[in-house]
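Fair warning: this is a prediction, and the values are worked out from it, not measured in the lab. Numbers here are sequence positions counted from 1. Counting convention: from 1, in listed order, for ligands and their atoms alike.
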Amino acid sequence: MPDALKRPTQYADFADPQALPRYAGISTFFRTPHTETLEDADIGVIGVPFDGGVTNRSGARHGPRAVREQSSLLRRYNGATGFRPFEAARVRDLGDCWIERPYALETAQAEIVSFYQMIVAAGVVPLSVGGDHSISLPILRAVAERRPVGMIHIDAHCDTGGDYMGSKLHHGAPFSRSVDEGLLDPARVIQIGIRGTTNDPDLWSFSRQSGMRVLPMDEVQDKGWQYAVEEAHRVAGNGPLYLSFDIDGLDPSQAPGTGTPEAGGLTMREALRILRGLRGLDFVGADLVEVAPSFDPGTLTAFNGASVLFELLCLLAEARAKRA
Ligand code: MN
Ligand code: MN
């Protein structure tokens, strides 16, 4: 019996799954090896297919599969920066943190905390794909368990809300809870791309009152992506940082596949420049959330999400190399 049914015979480079033609092979994040052990991983890409915290249009539980599939379109090197994330770190697809009891938000979040505590204890840097934004709170409970972290947060919404229909754990409130629990240092948090209509005229008062820097979309547009980068560096400083990217921070023309779209957002060009401008910061974890494939005609949102995810991977790998 052969130990593999199909081996490359013409092109030795194809032995690397990332060098295979991009339409071939099994979908894993960036065509990296799938493993559920942690010994040979430096950075773990993890799907969190959970959308039990959504307040309106659901479907982000299907995000990880769609982003995995589209991430196979990306190649090994960052063409803009020259960075080679897969040479800088052992990147592995750690599979999904799927939720065993998805109908109870509190225990679902406890399951996510337990999963990420194992990742953090093994010294693996987590790069997560949601799922709705409520998953960032339990991830931060593990990542920031020993000391608070700062955060670069790109989103149309501040997600620093309070009680809504009897819960404070929905996807519009992970970062107020994170401050309450001492996981985030609000003085080192910047929220970029904020916009949209609200029912409460002061919906995001928690952000300003706690000392976060809120950078509304209009200010980004008026002063440019370079200003957003400068402000991010000024606010974040030198300490450990988390990066949370809600796909609805992008304009709906480029990311229609999401539950809570808001008109007039970042273009992919601006988002990529902002992310690349964050090189040098000490990122210890990141997530991409709120991709909802059922609203995504033609996989555009998942593809742009995968493209954002690649930049997040580069930031994590570069920060990890700098610490080591
Ligand atoms: Mn949002
Ligand atoms: Mn959000």
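Ion pairing between a basic and an acidic side chain is recognised when a charged N comes within 4.0 Å of a carboxylate O; Arg273 and Glu270 show no such pairing.
Residues satisfying the side-chain contact (heavy atoms from CB on, under 4.5 Å) criterion with Ser114, sequence neighbours excluded, are absent altogether.
Protein atoms of type N/O/S that fall under 2.8 Å from the Mn ion (ligand 1) number 5 in this view.
Side-chain atoms of Thr37 do not come within 3.5 Å of backbone N or O of Glu39 as any donor-acceptor pair. Although no hydrogens or angles enter the test, the distance criterion places a donor-acceptor pair under 3.5 Å between the side chain of Glu111 and the main chain of Glu100.
Checked options Leu38, Ile43, Leu127; the residue passing with Leu94 is Leu38 (criterion: side-chain contact (heavy atoms from CB on, under 4.5 Å)).
Cluster membership for Val48 and Phe115, using ILVMFWY side-chain heavy atoms within less than 4.5 angstrom, is shared.
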